[in-house]
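What you see is a predicted model; the values in this text were computed from it and never measured. In what follows, chains are A, B, ... by sequence order, proteins preceding strands, each numbered from 1. Any value given below was found using the heavy atoms of this structure, including those in side chains, with hydrogens, waters and symmetry copies removed.
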There are 2 protein chains.
Amino acid sequence: MKNETKKHDSNCLVAYGIDTFGDRWSFLVLRDMMLYGKCRYGEFLCCEEQIATNVLAQRLKHLEREGIISKARDPENRRSYIYSLTDKGLDLAPVLLEIIRWSSRHLEMNARRRRLLKRIETDRDGILADIRDGRAILTAP
Amino acid sequence: MKNETKKHDSNCLVAYGIDTFGDRWSFLVLRDMMLYGKCRYGEFLCCEEQIATNVLAQRLKHLEREGIISKARDPENRRSYIYSLTDKGLDLAPVLLEIIRWSSRHLEMNARRRRLLKRIETDRDGILADIRDGRAILTAP
DNA sequence: ATCATAACTTGCATAAAACAAGTTAATTTG
DNA sequence: CAAATTAACTTGTTTTATGCAAGTTATGAT
């Protein structure tokens, strides 16, 4: 994940996906953006899984270089930046939703999880709209 | 990926998925099973991305422990084993298909890729049946 | 003017991956 | 049937990536 030339340069569609967004930390950042509406460095940093700051910085650069996210100055605070999903990044929402569906089938459920699953099954478009607009789908975990 | 207690033990559905199948090599093994119908150690070993033998052995154990794949003796050859997807593993097919759809939108296409994408869009059930029965969907890459 | 904060960077210890070689049991070949 | 081959791994070593702690820089708040 450090070496930035596609490590093994497979010509497979699946490998391309894995290499651009499939690393554990990259994907957890994307989850934080899509599910929790996070958009700042500091927010990603205090994710439940405790990403290290150097790794976070590197993954954000990687995702930006791959065109999955973009970085813009925060107009309200000149020392802050706002990360957001590009169209390419937004297109990953269906992958995220399928992972959630899979986990829902194979992990014990609770009310919170059931609520999320139900919304995925009954209000997919609403969810996609929320993701597109950076609105949190879940409250902080 | 070595430490087998879920590394960060998140209680998030997405993190559960990532930790069980989301590692690069684990997922490439699953791709080889679902897309290319591979089922033997030696077949996984000569994948396009050149997985190292120790890593492969470890990932197969991991996937087996997680209930994604199962290992059985080959009745035809007593020094060989046959790996196959469990129901839990088969349930990952939709995730794989979404990744392929995503990559198809964002990577240049060729005839082979277009053919695969078209089949995903028009014959999803056929693909799922092929995966379930261990039939290759693509010829070797 | 001083302190705090956001977003990083740097350096070092540790863990995982890549690489190369070796092992074991079953099978094929001469 | 002894010798070479093959399938599925293990083991040891080097290289690379991650985790952790501390430091830096440019705002911004008090």
Side-chain angles (χ1 to χ4, degrees), chain A residues 1-10 15 18-29 32-33 37-65 69-84, chain B residues 1-10 15 18-29 32-33 38-66 69-84:
Chain A
M1 201 67 225
K2 196 157 227 172
N3 179 358
E4 271 309 323
T5 58
K6 283 281 147 69
K7 266 189 292 216
H8 297 276
D9 198 26
S10 168
I18 289 178
D19 285 340
T20 43
F21 65 79
D23 143 84
R24 171 181 168 86
W25 289 119
S26 300
F27 203 78
L28 289 178
V29 167
D32 282 350
M33 297 181 85
K38 294 187 186 177
C39 59
R40 290 195 174 72
Y41 193 92
E43 292 178 305
F44 300 130
L45 205 52
C46 57
C47 69
E48 199 191 350
E49 293 85 6
Q50 295 281 64
I51 188 171
T53 176
N54 52 346
V55 176
L56 174 59
Q58 197 211 301
R59 293 303 136 89
L60 288 171
K61 270 181 197 146
H62 171 77
L63 290 170
E64 203 187 348
R65 257 195 303 258
I69 63 174
S70 63
K71 181 183 180 178
R73 277 223 124 85
D74 181 351
E76 327 249 284
N77 185 340
R78 299 217 352 105
R79 71 193 147 157
S80 195
Y81 294 90
I82 290 181
Y83 290 94
S84 50
Chain B
M1 203 68 228
K2 194 157 230 172
N3 178 358
E4 272 309 323
T5 58
K6 285 280 146 70
K7 265 189 293 217
H8 295 278
D9 199 25
S10 168
I18 289 178
D19 286 340
T20 43
F21 65 79
D23 143 84
R24 170 181 170 83
W25 289 119
S26 300
F27 203 78
L28 289 178
V29 166
D32 282 351
M33 298 181 85
K38 294 186 185 177
C39 59
R40 289 195 176 73
Y41 193 92
E43 293 178 303
F44 300 131
L45 206 52
C46 57
C47 70
E48 199 191 351
E49 293 85 6
Q50 295 281 63
I51 187 170
T53 176
N54 53 347
V55 175
L56 174 58
Q58 197 211 299
R59 293 304 136 88
L60 287 171
K61 270 182 198 145
H62 170 77
L63 289 170
E64 203 186 349
R65 256 195 305 261
E66 293 290 347
I69 63 174
S70 63
K71 180 183 180 178
R73 277 222 125 85
D74 180 350
E76 325 250 285
N77 184 340
R78 298 212 357 102
R79 72 193 146 159
S80 194
Y81 294 89
I82 289 180
Y83 291 93
S84 51

Exercise. Atom CD1 of A/Ile51 to atom C1' of C/dT9: distance rounded to whole Å?
Worked result: 15 Å
Exercise. To the nearest Å, how far apart are B/Leu45 CG and D/dT10 P?
Worked result: 13 Å
For this session: Output, in order, the C-alpha distance, side-chain angles, deciding distance and verdict of side-chain contact (heavy atoms from CB on, under 4.5 Å) for A/Asn77 and A/Asp74.
Result: CA-CA 5 Å; A/Asn77 185 340; A/Asp74 181 351; 3.9 Å; yes
Exercise. Between B/Arg24 (CZ) and C/dA16 (P), how many Å, whole number?
Worked result: 18 Å
Between protein and nucleic acid, restricted to nucleotides 27-29 of chain C and to nitrogen or oxygen atoms under 3.5 Å apart, what atom pairs and distances do you find?
{"from": "C/dT27", "atom 1": "OP1", "to": "B/Arg78", "atom 2": "N", "distance (Å)": "2.6"}

For this session: For the pair A/Asp23 and B/Arg24, find out whether any cationic side-chain nitrogen is under 4.0 Å from an anionic carboxylate oxygen.
Result: no
Seminar exercise, completed: Here the gap from A/Gln50 atom CD to A/Leu28 atom CG, rounded to the nearest 0.5 Å, amounts to 12.0 Å
For this session: Give a yes/no answer on whether the side chain of B/Ser80 brings an N or O atom under 4.0 Å of OP1 or OP2 in D/dA8.
Result: yes
Exercise. What's the CD-P distance between A/Glu49 and D/dG19, to the nearest Å?
Worked result: 11 Å
For this session: Test B/Ile69 against B/Met33 for side-chain contact (heavy atoms from CB on, under 4.5 Å), laying out the working first.
Result: CA-CA 10 Å; B/Ile69 63 174; B/Met33 298 181 85; 3.8 Å; yes
Exercise. Touch check for B/Tyr83, heavy atoms < 4.0 angstrom, all strands: base, sugar-phosphate only, or nothing?
Worked result: sugar-phosphate
For this session: Starting from P on D/dA8, measure out to CD on B/Glu64 and report it in whole angstrom.
Result: 14 Å
For this session: Using heavy atoms to find the nearest nucleotide of DNA chain D for B/Arg40 and A/Asn54 separately, return the residue whose nucleotide is more 5′.
Result: B/Arg40
Exercise. Given atom CZ of A/Phe44 and atom C1' of C/dA6, what is their separation to the nearest angstrom?
Worked result: 13 Å
Exercise. Given axes from five pairs at either end, by how many degrees does the helix from C/dA1-D/dT30 to C/dG30-D/dC1 bend, rounded to 10°?
Worked result: 10°
Exercise. For B/Gln58 and C/dA18, what is the distance between atoms CD and P respectively, to the nearest whole Å?
Worked result: 11 Å
Exercise. Do B/Val29 and B/Tyr83 come within less than 4.5 Å of each other through their side chains, counting heavy atoms only?
Worked result: no
For this session: In sequence, state the C-alpha distance, the side-chain angles, and the governing distance for A/Ile82 and A/Arg40, and then conclude on side-chain contact (heavy atoms from CB on, under 4.5 Å).
Result: CA-CA 5 Å; A/Ile82 290 181; A/Arg40 290 195 174 72; 3.7 Å; yes
Problem set entry | Residue met sooner reading DNA chain D from 5', once B/Tyr41 and A/Val55 are mapped to nucleotides | B/Tyr41
Problem set entry | B/Lys71 side chain near D/dA7 phosphate (N/O to OP1/OP2, under 4.0 Å) | no
Exercise. Where do A/Tyr81 and A/Arg73 land on the side-chain contact (heavy atoms from CB on, under 4.5 Å) test, with the steps shown first?
Worked result: CA-CA 4 Å; A/Tyr81 294 90; A/Arg73 277 223 124 85; 3.2 Å; yes
For this session: Tell me whether the OP1 or OP2 atom of D/dA17 has a side-chain N or O from A/Trp25 closer than 4.0 Å.
Result: no
Exercise. From D/dT18, D/dC9, C/dA17, pick the nucleotide closest to the side chain of B/Arg59?
Worked result: C/dA17
Exercise. Quick one: is A/Lys61 getting a side-chain N or O under 4.0 Å of the C/dT9 phosphate, OP1 or OP2?
Worked result: yes
Exercise. Any donor-acceptor pair under 3.5 Å linking the side chain of B/Glu66 with the backbone of B/Leu63?
Worked result: no
Exercise. Just how far, in rounded Å, is P of D/dG19 from CG of A/Leu56?
Worked result: 12 Å
Exercise. Got a second to check how far A/Cys46's SG is from A/Ile51's CD1, nearest 0.5 Å?
Worked result: 11.5 Å
Exercise. Side chains of B/Gln58 and B/Trp25: does their closest heavy-atom pair fall under 4.5 Å?
Worked result: no
